[in-house]
Every structure is written in structure tokens, then in C-alpha cells.
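Reckoned from all heavy atoms, side chains included, excluding hydrogens, waters and symmetry mates. Residue numbering restarts at 1 for every chain, and letters A, B, ... go by the order of the sequence lines.
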Amino acid sequence: MGEDDNFWPASAPSQGPDGVCGPCSEVFYQMPNGNEVEIWNLVFTQHNRIGDPPDNLRPLPSRNIDTGMGLERTCAMLQGVDSNFHIDILLPLVETVADTCNQNYIAGDDNGRRIRRITDHVRACTFAIHENVLPGNNEEKYVVKRLLRRAVLDGWQMGIREPFLHTLPPAVASQMKHSYPELAETVEHVTNVIKREEESFLATIGGGLTRIHKLFEGIHSSGGGLVGGEDAAELYTTYGFPPELLETLAAERNCAFDWNGFREAMEAHGKKSGAGTRVEVFTSGPLDALKKAMHGSEFLGYESLQTTSKIVGIIAQDRLCESLAENNVVNGDSDAQQLVTIILDKTSFYGESGGQVGDIGWLEGPQGTFEVLKTQKEGGFFLHCGVLRTGSIELGQEVSAIVDERRRKAIRRAHSATHLVHAALQHFLGKHAVQQGSKVDADLLRFDFSHASAVDHETLQQIEAMVNENVLAAAPVAASLLPLEEARHAGAMMLFGEKYPDIVRMVSIDEISRELCGGTHVNNTGEIGLVKIINEESVSAGTRRVIAVTGHRALERFRQTEATLTDSANALKVPVTDLPKRLQALTKELKTLKRQATTQQSDFSIEELLRSAEEVDGVRIVVADAKGCDAAAMRHCIDQLRRKASPVAVLLGSAEAGKVTLVAGISREVESRGISAGTWIREPASLVGGRGGGRPDLAQAGGKLSAKLPEALAHAKQDMRGILKN
RNA sequence: GGGGGAUUAGCUCAGUUGGGAGAGCGUCUGGCUGGCAGCCAGAAGGUCAGGGGUUCGAGUCCCCUAUCCUCCA
């Protein structure tokens with residue numbers, strides 16, 4: 001057989017993709033009804049495909065046999081049923097789904113397929129959410145979201161308009177309880193997550209429906225009977241409105257749906273999105289040579305902050321070099337170009353990882369000093385990035401590698417505080433509030449965790465109180481190395497998606513917290529000093545973020561706040577405690593004054609203006625300098641004139657330091673003679689060096705030549721006389 | 001990581017050649033009223049997400065930032 005049938009991935013040699021591949025043997029079973037089912041595939045992985053043929057299959061250094069047998073397919077075979085969904089542990093679930101959807105399950109029809117899809121998706125999502133993979137916007141989270149939405153859509157197409165998926169996880173948990181009893185523990189949480197996602201998607205559909213109504217109106221008014229692929233793709237990519245649903249709605253209105261156009265548009269979108277430049281931050285070229293020579297640097301930073309180490313690598317401008325001489329010395333600030341990387345055989349510098357920032361410090365050699373500005377970790381190597389400050393250094397020299405102790409201590413405080421915050425969040429919000437991301441800097445920590453809604457002020461205070469209670473308790477902090485299984489047994493916090501080695505490092509804070517963590521910590525929580533949560537916010541749907549400060553930074557913050565308060569109180573000449581009351585009174589007063597000012601301004605002289613009015617052909621013309629009024633006040637004034645003295649044509653202007661504002665308004669009777677305020681105002685506006693326009697009944701303009709205002713007003717008056725006489 | 005969109009009253013949202021910030025619901029006041037969203041009249045409530053730019057003039061156009069939604073990887 002050819003590469004089409006007998007190769008994995010199918011047709012890989014000629015069509016790709018690049019990568020490992022090989023010939024395979026597929027095992028088929030013929031069902032009693034004559035259908036053939038593939039139940040097993042054996043892949044003899046032996047090639048690395050590079051580029052197009054010919055001669056594009058290179059041998060792999062080590063070959064292997066990868067084999068997979070479909071468990072459910074085999075069950076179906078052994079149980080003599082025609083589908084995975086009809087085996088003993090899945091059929092009951094299929095039937096439960098059918099009940100929930102008010103359907104009789106008929107395997108062969110459209111709804112049968114929908115019911116099976118819902119069954120599969122809700123089962124997958126129950127497990128995923130149980131493992132704390134929540135529906136979200138990227139990577140595995142996005143997969144969960146798509147599965148849920150597809151299932152809701154299937155429900156919608158069977159006439160369901162309410163959330164229903166969330167009623168199913170208990171059935172999944174009970175069906176699977178023999179092998180996965182732990183599902184029962186989280187089933188309530190899973191239910192809530194699914195319900196929220198369902199509601200969100202139904203809202204998306206609802207919101208899209210009005211938009212789609214407009215779309216159909218457009219299609220009908222232009223006489224077309226086709227929903228364009230572009231439109232469908234825009235609705236989908238922008239608002240998440242599923243094309244299948246749009247097609248159904250189109251059919252109801254006798255419109256066809258352009259699937260080809262849709263797929264083309266989606267492909268274009270995929271290309272545009274995928275075209276994002278993914279630059280390698282660190283080209284490991286020069287490191288590769290080192291990696292061949294040695295395994296990595298030894299890390300001693302848990303025990304000490306200073307080592308005597310040998311320089312084993314120097315990388316400058318992306319190349320390995322022998323030495324740095326005096327012409328490499330940098331004074332003052334350095335840019336990224338000038339950064340040099342030093343690699344030592346052993347070091348106490350912590351390399352940025354696990355959210356904890358790298359250390360800074362100094363390397364002191366016999367002929368020179370090197371300032372380490374950041375430390376990164378690449379493979380097993382610690383990269384000391386920085387600049388040469390004095391003298392010279394060269395490969396093979398011994399240096400004193402000294403970590404900035406004050407900063408390291410601040411980082412340790414923040415890191416241990418992070419563990420305390422994590423524990424407190426779980427205590428008050430529930431087990432689901434697990435870490436999603438974390439950044440630990442000097443006396444500053446940022447912690448993202450799963451939680452649906454904002455944490456209210458009171459709860460946040462309780463969390464902060466508990467953290468500080470644990471600080472005051474001066475609890476001992478200890479780290480130990482132990483097998484992964486033992487750590488799991490001890491109840492250590494582990495994160496989904498993290499790959500842990502067989503031997504892990506567990507950081508325990510008394511009985512308060514146990515986490516697998518490679519970071520550096522205080523010996524005793526009392527060293528943290530104080531933890532102050534300064535912010536709580538949303539990162540994206542389902543994820544919240546808290547930011548907290550510790551130690552010196554906490555103290556600094558209190559000082560600043562205090563200074564701000566004192567300054568404000570001094571400015572208002574009241575004691576600090578009276579500030580809120582005083583401010584409230586002031587804003588109220590300000591508001592009243594403002595209102596008084598505008599009303600006084602606008603009816604400054606309605607009567608006077610009317611007296612100066614000139615009547616032409618039954619219309620009163622009012623043109624005046626409204627000294628000091630802004631546009632809003634003049635509009636108000638025009639309103640009043642129109643109300644009191646129609647028919648009337650009004651043009652007011654005011655000038656102030658290099659700025660002229662004109663407003664013109666005419667009453668309805670005047671407008672009906674074909675006269676427009678917008679046209680009227682044009683000439684005077686150009687006289688003051690500006691332009692203007694507006695609606696027929698009200699127009700606005702402005703310019704810069706304030707000295708020309710009288711001339712412009714005179715012109716306007718003359719103009720209106722002329723217009724009215726015609 | 002990248003593409004598209006959104007952000008206007010307490011809530012749901014209107015607001016197009018750029019020219020007077022609106023509706024419904026809710027709140028408050030007064031009056032009418034025999035009910036389950038009772039009726040009428042009136043009022044309060046807005047830094048149009050924030051910042052910059054273009055313009056005589058920006059909720060509206062351009063740029064940046066923040067947040068949320070959405071699709072792709």
C-alpha cells in the first residue's frame with residue numbers, strides 16, 4: 001500500500017508536515033453489519049521529514065514504535081455495538097442528554113448526531129474543568145470554550161433557548177465514579193462554570209440577532225438572496241456568532257449561505273492572525289557550544305549569597321568570546337546592545353523563573369568588576385547579563401559572585417507573601433481560586449487566580465487580615481526535596497500544565513501552605529514585616545489579579561498616602577479627618593455656583609436684545625456681541641429669543657483672547673422661507689478667520705481674529721436684511 | 001502571541017457628510033388610583049473609559065493606553 005494508506009501522518013512524505021513520521025500498520029475489524037472499524041494503529045517512527053521530495057526523509061537517531069488502540073472502539077467491537085457512543089458506560093449518558101433535550105434518541109438522524117456531540121463535549125469539559133482548565137481565550141482554555149459553545153449550539157438547533165448543559169455534569173460524574181470518584185468533589189464548581197459560559201454564549205447569540213436582522217434587511221432591500229461569506233465571517237470573528245446558526249436563520253428567510261466565501265474569509269483571517277511575528281528572544285546559538293561542553297551551572301543560591309566561581313563563558317553581541325577588555329567598560333546607563341552575558345560554573349544568582357525575577361549584583365575578578373543587571377535561566381545555565389564597569393575579565397578567571405542582598409531579601413519577602421496570599425485566597429474564595437500566573441519582584445507581588453467575579457472589599461480585607469495574621473505568627477518556612485508522589489500525598493499545591501520532575505522542591509509554611517516551588521523564601525514569615533494588598537482587578541474573564549506590597553515598599557506606601565492626605569488637608573485648612581466632609585460640601589457648592597453662573601449669563605439681556613432688534617418683512621433680526629458668553633450660553637439665549645419673539649433671526653458672537661465664537665439661529669417660520677442659519681453664518685465666520693456650519697435652524701462657527709468681531713456682526717446684519725427683502 | 005469589535009445616566013442601549021447629549025426601565029417629588037410592572041405630571045442623575053492629535057468646533061475622525069467581548073494560533 002502507498003503512503004496514503006500506509007503512512008503516518010497520511011501522505012506525509014510528499015505533502016508534509018515536516019517532522020517525525022514513518023510507515024504504519026492499521027488494524028481493522030469487520031463488524032457484523034459489514035462495516036470496517038480501525039481499532040489499532042502501529043507507527044514505525046523512523047524518519048524526520050525536511051522539506052519537499054526528493055530525498056527529504058532523514059533517519060532519526062533513535063527509532064521507535066508508537067502504538068495506540070482505541071479503547072472505546074475496542075469496547076464497541078467486544079460489546080457488538082455499532083458506535084463508541086453505544087457502549088455500556090456511554091449509552092446511559094447519551095440517553096440522559098436526550099432526555100434533557102426533550103428528544104427521543106434516534107441514532108440515524110440529525111438530532112441523534114447532535115445528542116452524541118453534546119454527550120462527548122460535556123464529558124470532555126467536565127473532566128477539563130475538574131482539572132481547572134476553565135473556558136477562556138487561549139490555548140487549552142479556548143478548546144474548552146469551543147467545545148461548550150458547539151454543544152450549546154447543538155441544543156439551540158433542537159429548540160433549546162435556556163442553559164441546559166450545566167445540568168449534565170452530575171450525570172457524567174456518577175457514570176464515571178467507579179474510575180474517577182474525585183469528579184464528585186468538583187461537580188458543583190464544574191456546573192457553575194458551564195452555566196456561566198452557557199449564559200455568556202446565549203447572550204452573544206441574543207446580541208447578534210439584532211445585528212443579523214439588519215443584515216437581512218440589507219440583503220432583501222438590495223434584492224439578493226445570499227448571505228455573503230464576508231459578512232458571516234465578520235459576525236463570527238468579531239462577535240462569535242456561529243455560522244451554522246446564521247445559515248439556519250438564512251434558510252428561514254429563503255436565503256442561501258455562501259459557505260465557500262465564509263471558508264475563504266476565515267482562511268484569510270487565520271493567515272492574518274497567524275502572521276504574528278514570533279521572534280526568538282534569546283538565540284541559543286553560542287550557548288549550544290557550551291551545552292556540549294558542560295551540563296549547566298550549579299545553583300547555590302538557596303544557601304548562600306556569595307560564591308567564588310570560575311568564568312566558563314562570555315557572550316557578547318551573540319558570540320562567544322575570550323575576554324572583555326577596558327574598551328568594553330560601560331559607564332552609566334546601558335542599552336540592550338551593550339549587555340554582555342557571563343556564565344559561571346556555580347552561582348548564587350537566582351535566574352528569572354517561576355514568576356520570580358532574577359537577582360542583580362556584582363562579579364569581582366582580579367582585574368575588573370562586572371555589574372549583573374539581570375539573571376536569566378536557559379536550560380541548566382544561569383546567564384548573568386550586565387556590563388563591565390572597571391578593568392577587564394577573561395575566561396577561566398576566578399571571581400567573587402556577590403548577589404545584591406538587600407534586593408534578594410525583598411524578593412524573598414514578596415515570594416513568601418505570595419504563598420500566604422494564595423493560601424488565604426483559597427480559604428476565603430474556595431479551592432477553585434488557584435494560581436494562573438504570578439510575578440515576584442522586590443517587595444512587590446502580582447498574583448493572578450481563577451475566580452469568576454470581583455472580590456468584594458470586605459472579603460479582600462479578610463484575606464489581607466489572614467495573611468498578616470500568618471506573618472505575625474512568625475511561622476517557620478522550610479524547603480525539602482522529595483519524590484513527586486510524596487509531595488502530592490502531602491497535599492502540595494500543583495498547577496495544571498506545569499511539568500514537574502520526579503524529585504520536586506516543596507516549600508512549606510508551617511501548616512499554612514505547601515507548594516511546589518523553586519523560588520527563594522524567608523526563613524520565618526515574621527521577616528515579611530507587613531503585607532498590604534493595593535489592588536484587585538480583572539485580567540480576563542474568569543481570572544482576577546491582586547497586587548500587594550511587602551516590607552520596605554509597604555512602609556513607603558503608607559508614608560506616601562499619609563503625605564498626600566496631609567497636603568490635601570493643609571490645602572483646605574482642615575484636619576485630615578474632616579477631609580471627606582469638606583470635599584463633599586465644596587463640590588456641592590461648586591455645582592450650585594456653576595448653575596447660577598450659566599443661567600445668569602444666558603438671560604443677561606433678552607429684553608435689551610429685543611429692544612435693539614430691527615424688523616424686516618415681519619422678522620426680527622437680532623445681531624449682537626454677547627460679551628463673555630460661551631457657545632452653550634449663546635444657544636440658550638437663542639432658544640429663549642425664538643420662544644419669545646418668533647419669527648426671529650439671531651446671530652450672537654463673543655470674543656476672548658484670540659478666539660471668536662459665533663452662533664446663529666432662526667425660528668421655524670424663517671427656516672420655511674428657505675433661509676438657512678448655516679449659510680448665514682458662513683460669511684461672518686470667514687471674516688473672523690474661521691469657518692462654520694451646522695443645521696438649517698442652528699449653526700455654529702469660530703475664528704481667531706477677535707478684533708474683527710464688530711465688522712463680522714455688521715456684515716451679518718446687513719446680509720440678513722438683504723435676504724429678507726428678497 | 002496576533003486580527004476584529006466595544007466602552008454614552010444606577011441598568012439595557014439609541015445617537016452618520018463633525019454643529020444643541022437622548023430613550024426605555026429604575027430612583028425621587030407631587031397628584032390621581034381598588035390588585036398582578038396602576039396612571040398622570042415634574043425632577044434629580046453624564047469628566048460620552050482615560051490621555052494626546054486634527055478642527056472655528058469632536059460622543060462622532062486619527063494615534064496611544066486601560067478594560068471587556070470575539071476569532072485565529
Side-chain angles (χ1 to χ4, degrees), chain A residues 135-143 145-146 149 197 199-201 203-208 210-211 214 230-243 262-263 265-281 453-454 535-545 587-588 590-592 594-595 598 602 630-640 642 650 652-656 658-665 676-706 708-709 712:
Chain A
N137 278 357
N138 47 38
E139 292 158 12
E140 72 276 0
K141 298 188 184 81
Y142 187 54
V143 174
K145 180 168 165 178
R146 274 224 315 217
R149 292 196 163 200
E197 184 58 28
E199 283 165 351
S200 155
F201 186 52
T204 299
I205 291 178
T210 53
R211 195 170 293 277
K214 282 183 194 163
E230 288 275 349
D231 289 333
E234 193 199 325
L235 270 165
Y236 182 51
T237 60
T238 306
Y239 303 103
F241 199 88
F262 175 79
R263 272 188 280 267
M266 285 310 292
E267 203 169 309
H269 172 67
K271 256 187 200 148
K272 213 156 59 165
S273 307
T277 48
R278 193 164 289 197
V279 277
E280 279 291 308
V281 187
S453 54
N535 193 24
E536 192 272 349
E537 63 186 2
S538 160
V539 182
S540 67
T543 307
R544 308 293 302 181
R545 167 176 296 174
T587 33
K588 199 174 168 188
L590 190 65
K591 210 170 193 174
T592 335
K594 259 190 181 167
R595 187 170 304 155
T598 46
S602 57
D630 61 5
M634 287 190 277
R635 275 198 304 263
H636 191 231
C637 186
I638 289 170
D639 266 349
Q640 282 185 295
R642 281 198 290 210
V650 194
L652 300 176
S654 76
E656 53 169 321
K659 196 176 154 165
V660 183
T661 309
L662 301 174
V663 184
S676 154
T679 319
W680 186 26
I681 206 168
R682 209 169 287 160
E683 281 284 319
S686 72
L687 279 173
V688 294
R691 285 181 310 170
R695 306 194 315 261
D697 68 314
L698 191 108
Q700 224 171 300
K704 283 169 181 166
L705 313 171
S706 39
K708 296 261 192 174
L709 180 59

If you look only at distance, which donor and acceptor atoms sit under 3.5 Å apart when one is on a side chain in residues 233-242 of chain A and the other is two or more places apart or in another chain?
unit_1	atom_1	unit_2	atom_2	d
A:Thr237	OG1	A:Ala233	O	3.0
A:Thr238	OG1	A:Glu234	O	2.9
A:Tyr239	OH	A:Arg211	NH1	3.4

Extract all donor-acceptor atom pairs below 3.5 Å that involve side chains of residues 698-706 of chain A and protein atoms in other chains or at least two apart in sequence.
unit_1	atom_1	unit_2	atom_2	d
A:Gln700	OE1	A:Arg635	NH1	3.2

Restricting to nitrogen or oxygen on both sides, can you table the protein-nucleotides 52-62 of chain B pairs closer than 3.5 Å?
unit_1	atom_1	unit_2	atom_2	d
B:C56	O4'	A:Gly702	O	3.1
B:C56	N1	A:Arg691	O	3.2
B:C56	O2	A:Arg691	O	3.4
B:C56	O2	A:Gly702	N	2.9
B:C56	N3	A:Arg691	O	2.9

Nucleotide N/O to protein N/O under 3.5 Å, stretch nucleotides 5-8 of chain B:
unit_1	atom_1	unit_2	atom_2	d
B:G5	O2'	A:Tyr239	OH	3.1

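Across all strands shown, B:C48 forms no Watson-Crick or G-U wobble pair with both key distances under 3.5 Å. B:A21 is unpaired under the criterion used here, namely a Watson-Crick or G-U wobble arrangement in which both key atom distances are under 3.5 Å. Using Watson-Crick or G-U wobble geometry with both donor-acceptor distances under 3.5 Å, B:U55 finds no partner in any strand shown. Taking a pair to require two hydrogen-bonding distances under 3.5 Å in either a Watson-Crick or a G-U wobble arrangement, B:A66 pairs with B:U7. With a 3.5 Å ceiling on both atom-pair distances, the Watson-Crick or G-U wobble partner of B:U27 is B:A43.
Using P as the reference atom, B:C11 and B:G46 are 12 Å apart when rounded to the nearest Å. Rounded to the nearest Å, the gap between the C1' atom of B:G59 and that of B:G30 is 35 Å. Here, B:A44 and B:U27 have their C1' atoms 9 Å apart, quoted to the whole Å. Between B:G24 and B:A43, the two P atoms lie 13 Å apart (nearest whole Å). Across B:G51 and B:U7, the matching C1' atoms stand 15 Å from one another, rounded to whole Å. Between B:C69 and B:G31, the distance separating the two P atoms is 48 Å to the nearest Å. Taking atom P in both B:U60 and B:A6, the straight-line distance is 12 Å, to the nearest Å. Comparing B:A9 with B:G50, their P atoms sit 11 Å apart, to the nearest whole Å.
Atom NE2 of residue A:His636 and atom CE of residue A:Met634 lie 14.0 Å apart, to the nearest 0.5 angstrom.
Remark: P of B:U70 and CD1 of A:Ile205 are 12 Å apart, rounded to the nearest angstrom. Between A:Asn137 atom CG and B:G4 atom C1' the separation is 13 Å, expressed in whole Å. Note: CD (A:Glu197) to C1' (B:U70) measures 11 Å, nearest angstrom. Remark: C1' of B:A73 and NZ of A:Lys272 are 15 Å apart, rounded to the nearest angstrom. Taking atom CZ of A:Phe241 as the reference point, atom C1' of B:C71 lies 15 Å away to the nearest angstrom. Whole-Å rounding puts the A:Phe201 CZ to B:C71 C1' distance at 12 Å. The distance from atom CD of A:Glu230 to atom P of B:G3 is 18 Å, rounded to the nearest whole Å. The distance from atom NZ of A:Lys141 to atom C1' of B:G1 is 14 Å, rounded to the nearest whole Å.
At B:G19, none of the side-chain N or O atoms of A:Arg635 fall inside 4.0 Å of OP1 or OP2 (strictly under the cut-off). The side chain of A:Lys271 places no N or O atom within less than 4.0 Å of a non-bridging phosphate oxygen (OP1 or OP2) of B:A73.
Remark: A:Glu199 CD is packed, more than 12 non-hydrogen atoms of other residues, nucleotides or ligands lying under 6.0 Å away.
Residue contacts shown for A:Arg682 are absent, as no nucleic acid heavy atom lies under 4.0 Å away. When heavy atoms are screened at a 4.0 angstrom cut-off, A:Arg642 is found touching base atoms of the nucleic acid. Counting any heavy atom pair closer than 4.0 Å across all strands shown, A:Gly240 reaches sugar-phosphate atoms only and no base atom.
Closest approach to the A:Thr204 side chain among B:G19, B:G3, B:U70 is made by B:U70 (side chain taken as heavy atoms from C-beta onward). Nearest nucleotide to the side chain of A:Thr237, out of B:G3, B:A21, B:A73: B:G3. Comparing atom distances between the A:His269 side chain and each of B:G19, B:G2, B:U70 picks out B:G2 as nearest. Of the candidate nucleotides B:A21, B:A73, B:C71, B:A73 has the atom lying nearest to any side-chain atom of A:Glu139. Proximity note for A:Ser200 (side chain, C-beta onward) versus B:G19, B:G3, B:U70: the nearest is B:U70.
Partners of A:Lys141 according to the side chain to side chain donor-acceptor pair (under 3.5 Å) rule, which considers only residues two or more places apart in sequence or in another chain, do not exist here. Taking the salt bridge (charged side-chain N to carboxylate O under 4.0 Å, His left out) definition, one finds that A:Arg682 meets it with nothing, sequence neighbours left out. Contacts of A:Arg263 classified as side chain to side chain contact (heavy atoms under 4.5 Å, CB included), with partners at least two apart in sequence or in another chain: A:Trp259, A:Asn260. Annotation: side chain to side chain contact (heavy atoms under 4.5 Å, CB included) contacts of A:Leu709 (sequence neighbours excluded): A:Asp625, A:Ala655, A:Val660, A:Leu662, A:Leu713.
Shortest non-hydrogen contact noted between A:Ser200 and A:Arg149 is OG-NH2, 3.3 Å. A:Ala677 approaches A:Ala664 most closely through the heavy-atom pair CB-O, 3.9 Å.
For the side chain to side chain donor-acceptor pair (under 3.5 Å) condition, the pairs that include at least one residue of residues 683-696 of chain A, sequence neighbours left out, are A:Arg695-A:Asp697.
Each of A:Met266 and A:Gly694 was matched to the nucleotide of RNA chain B holding its nearest heavy atom; the match closer to the 5' end belongs to A:Gly694.
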